[in-house]
Number of protein chains: 2
Amino acid sequence: MDEYIGIIQKTPLFKTMSAEETKKAVEYLNGRVLDYKKGTYIFQRNEKIKNIGLVIKGEARVEREDYYGNRSIIASIGQGDIFGEVYACLENTSLGVNVIAVKDSKILMLNMNKAGLEKGFNQELYARIIQNLISILAFKAYSLNRKIEHITKRSTREKLLSFFSEQAVISQSSSFDINFNRQELADYLCVDRSAMSLELSKMSKDGIIAYNKNHFELLKHS
Amino acid sequence: MDEYIGIIQKTPLFKTMSAEETKKAVEYLNGRVLDYKKGTYIFQRNEKIKNIGLVIKGEARVEREDYYGNRSIIASIGQGDIFGEVYACLENTSLGVNVIAVKDSKILMLNMNKAGLEKGFNQELYARIIQNLISILAFKAYSLNRKIEHITKRSTREKLLSFFSEQAVISQSSSFDINFNRQELADYLCVDRSAMSLELSKMSKDGIIAYNKNHFELLKHS
DNA sequence: TCACTTCCGTTGTAAATGCAACATACTCTT
DNA sequence: AAGAGTATGTTGCATTTACAACGGAAGTGA
C-alpha cells in the first residue's frame with residue numbers, strides 16, 4: 001500500500017493531508033487494493049455499492065447499457081481519478097452503469113460508511129475526509145448545473161453566448177481564453193463542430209464577438 | 001422557532017429526525033429565522049455564502065444574470081425547499097446567481113460549517129445531518145447526470161428513447177407510466193412540444209413504441 | 001525543407017427542428 | 001349535457017442544424 005500513497009494523496013478526497021495522514025485515513029476507510037484484469041467488471045449494474053474506487057494503476061471505463069442492450073461510454077477514468085462516489089452516497093439507489101477495467105488495473109476501494117465516526121477513529125481526520133467528500137459532490141453538482149444551463153439553450157448561438165458569458169463573468173473581463181479546442185467545445189455544448197465554427201464566424205460578422213484561436217472577446221451588444 | 005419545526009422536519013436535511021432532534025439540530029446549526037420583504041435579495045451574486053436557506057414561509061426565486069445583464073429564472077423555491085446548499089459547500093466559489101424573495105418570506109438560515117463537530121455537540125446527531133447533506137448533494141449530482149445523458153443525445157427520437165429506456169430499466173418492465181405531461185417532458189428533454197408529439201407519433205408508426213396518455217411501452221427492436 | 005498530422009473554417013445538401021396555427025380529445029364545473 | 005379550459009396531436013413552413021467533404025493554416029518531426 002505504502003508505495004501508492006503518493007498517487008492517493010493527490011486525489012481531492014485526501015486534500016490537505018500529509019502522507020502520514022493519508023495513510024491513516026486510508027486505513028480508517030478500510031482501504032484495500034484490488035487487482036482487475038483487463039475486461040473484467042469493477043462494478044456492475046444493479047449492484048448497491050458502498051465503496052468509492054480510486055484508480056492507482058491502469059484505466060477504467062464507465063458504460064451505460066440501455067434497454068436494448070446498447071452500450072455507450074459515459075466516462076474514462078485514469079490514474080488518480082475516483083469513481084462511484086455518487087452512488088456510494090445514495091443508499092437506496094443501485095448502480096445504473098457498469099465500470100469495467102480497460103487495462104489490467106489496481107483499484108483502491110474505500111468504504112465511505114459513516115461507521116468510522118463511531119469507532120474511536122481520529123475524529124479530526126475523519127471530519128476532513130467527510131468535508132472533502134462534500135466538496136467533491138458539491139463541485140460535481142455545480143459543474144453539471146453550469147453545463148446544463150448552456151446546453152439547454154435552444155440554438156448554437158445561444159449556447160455559445162451562454163458559455164462565453166459565463167467565462168466573461170468568471171474572468172471579470174470581456175476578453176478571456178478558453179481551455180477547450182473547437183472539437184471539445186462543440187462536444188461540451190452538444191453541437192456539431194463545423195456548425196459551431198460557422199456560427200462563430202457569423203457572430204464575428206455580426207459584431208457580437210471577436211476571436212483569435214482560443215482567445216475570445218464579447219463586444220458590447222445586447 | 002418552535003412553531004416552524006413541523007415544516008423544517010419534513011425537509012431532507014432533517015430526515016429520520018424527531019421533532020425534538022430537529023429542534024436540537026437547528027440549534028447546532030445556528031439556525032436563525034430571517035424575514036425578507038418581497039423583492040429583496042436573500043443571496044446576491046458574488047457573495048460567498050456559508051448558510052443554507054430553508055423557506056419556512058413565502059417563496060424565493062433563483063436568477064442568473066449574464067454578461068449583458070439579462071436575467072433568467074433558474075428555479076423557484078417554495079415552502080420546505082432548501083437552497084444554496086451547493087455553494088455553501090464550496091469554499092472557494094462565490095455565488096453565481098441571485099436569490100430573491102418573490103413574496104414576503106421567512107427563511108431559516110443554517111450554518112453548515114464543520115465547526116459543530118468540535119464544540120461538543122451531540123455527535124451522533126451531527127453525523128446524521130452530515131449524512132443527510134451528503135445524500136442531498138449526491139442525489140443532486142445523480143439527477144443532473146441523468147438529465148444530461150438524455151439531453152446530450154442529438155435527435156429528439158434519441159432523447160426520447162434515452163429517457164424511455166431509463167424508465168424501462170427503473171421499472172424493470174418494458175411498459176411504464178411517466179410523471180410528466182407532454183409539455184413537461186418536452187421541457188425536460190429541451191425540445192419543442194409539438195415536434196416531440198410528432199416524433200412520438202412517428203415512433204409509434206415505426207413500431208418502436210406504443211403509448212396511451214402517460215403509459216408507454218418499448219417494443220422489441222434495436 | 002518536406003512530408004505528415006491536427007486543427008479550423010467553409011460550402012452544399014438533406015434532414016431535423018422550432019414555431020405558429022389549428023384540430024381534436026379530454027377534464028372539470030355548473 | 002353544455003360549455004369552458006386544458007392537454008395533446010397534426011400540418012405547413014422557415015430556419016437551423018448535422019453531416020460529409022474539402023482546403024488551408026499551423027505545428028511537428030525527420
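Chain A is the first sequence line, chain B the second, and so forth, proteins listed ahead of strands; every chain is numbered from 1. Quantities reported herein were computed from a predicted structural model and do not represent experimental measurements.
- In this structure, A/Glu63 does not pair ionically with A/Arg45, as no charged nitrogen and carboxylate oxygen lie closer than 4.0 Å.
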**Request:** Give the C-alpha distance, both sets of side-chain angles, the deciding distance and a yes or no for ring pair (Phe, Tyr, Trp, His ring centres under 6.0 Å) between B/Phe164 and A/Tyr67.
**Result:** CA-CA 9 Å; B/Phe164 289 152; A/Tyr67 171 72; over 10 Å; no

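- Of the charged side-chain nitrogens involved, none lies within less than 4.0 Å of a carboxylate oxygen, so that B/Lys10 and B/Asp81 do not count as a salt-bridged pair.
- A distance of 6.0 Å or more separates the ring centres of B/Tyr36 and B/Tyr41.
- Residue contacts shown for B/Arg154 are limited to sugar-phosphate atoms, with no base heavy atom under 4.0 Å away.
- As rounded to whole Å, 14 Å separates atom C1' of C/dT27 from atom CG of B/Asn214.
- In the 5' to 3' direction, nucleotides of DNA chain D lying under 4.0 Å from heavy atoms of chain B begin and end at D/dT8 to D/dT11.
- Nearest-nucleotide mapping onto DNA chain D: of A/Lys213 and A/Glu199, the residue sitting toward the 5' end is A/Glu199.
- In this structure, CZ of A/Phe180 is placed 16 Å from C1' of C/dC7, rounded to the nearest angstrom.
- Across all strands shown, B/Ser194 has heavy atoms under 4.0 Å from base atoms, whether or not it also approaches the sugar-phosphate.
- Two end axes, each from the C1' atoms of five base pairs, can be drawn for the helix from C/dT1-D/dA30 to C/dT30-D/dA1; they diverge by 50°, to 10 degrees.
- Scanning for side chain to side chain donor-acceptor pair (under 3.5 Å) contacts around A/Arg182 gives A/Asn214, with sequence neighbours left out.
- Look at CD1 on B/Ile151: it is 16 Å from C1' on C/dT17, rounded to the nearest Å.
- Between the CE atom of A/Met196 and the P atom of C/dC8 there is a distance of 8 Å, given to the nearest Å.
- The minimum heavy-atom distance linking B/Ser165 with A/Asp66 is given by the pair OG-CB, 3.2 Å.
- What separates CZ of B/Arg182 from C1' of C/dT24 is a distance of 14 Å, to the nearest Å.
- The distance between atom CD1 of A/Ile178 and atom C1' of C/dC7, rounded to the nearest whole Å, is 13 Å.
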**CA sep, side-chain torsions, deciding dist, call: B/Gln183, B/Asp187, side chain to side chain donor-acceptor pair (under 3.5 Å)** = CA-CA 6 Å; B/Gln183 184 63 62; B/Asp187 288 343; 3.2 Å; yes

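- Remark on DNA chain C: of its neighbouring residues B/Ser155 and A/Leu198, the 5'-side contact belongs to A/Leu198, judged by nearest-heavy-atom nucleotide.
- B/Ser201 comes within 4.0 angstrom of the backbone, heavy atoms only, and of no base.
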**Message:** One pair to check against salt bridge (charged side-chain N to carboxylate O under 4.0 Å, His left out): A/Asp35 and A/Lys106. What are the steps and the verdict?
**Reply:** CA-CA 5 Å; A/Asp35 287 302; A/Lys106 276 189 194 304; 2.8 Å; yes

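- Just one residue in the list A/Lys147, A/Arg146, A/Lys153 forms a salt bridge (Lys or Arg N to Asp or Glu O under 4.0 Å) with A/Glu166, and that residue is A/Arg146.
- A/Asn181 has its CG atom 19 Å from the P atom of C/dT5, to the nearest Å.
- Base engagement by B/Asp192 is indicated by at least one non-hydrogen atom pair under 4.0 Å involving a base atom.
- When rounded to the nearest whole Å, the span between CZ of B/Arg193 and P of C/dT17 equals 16 Å.
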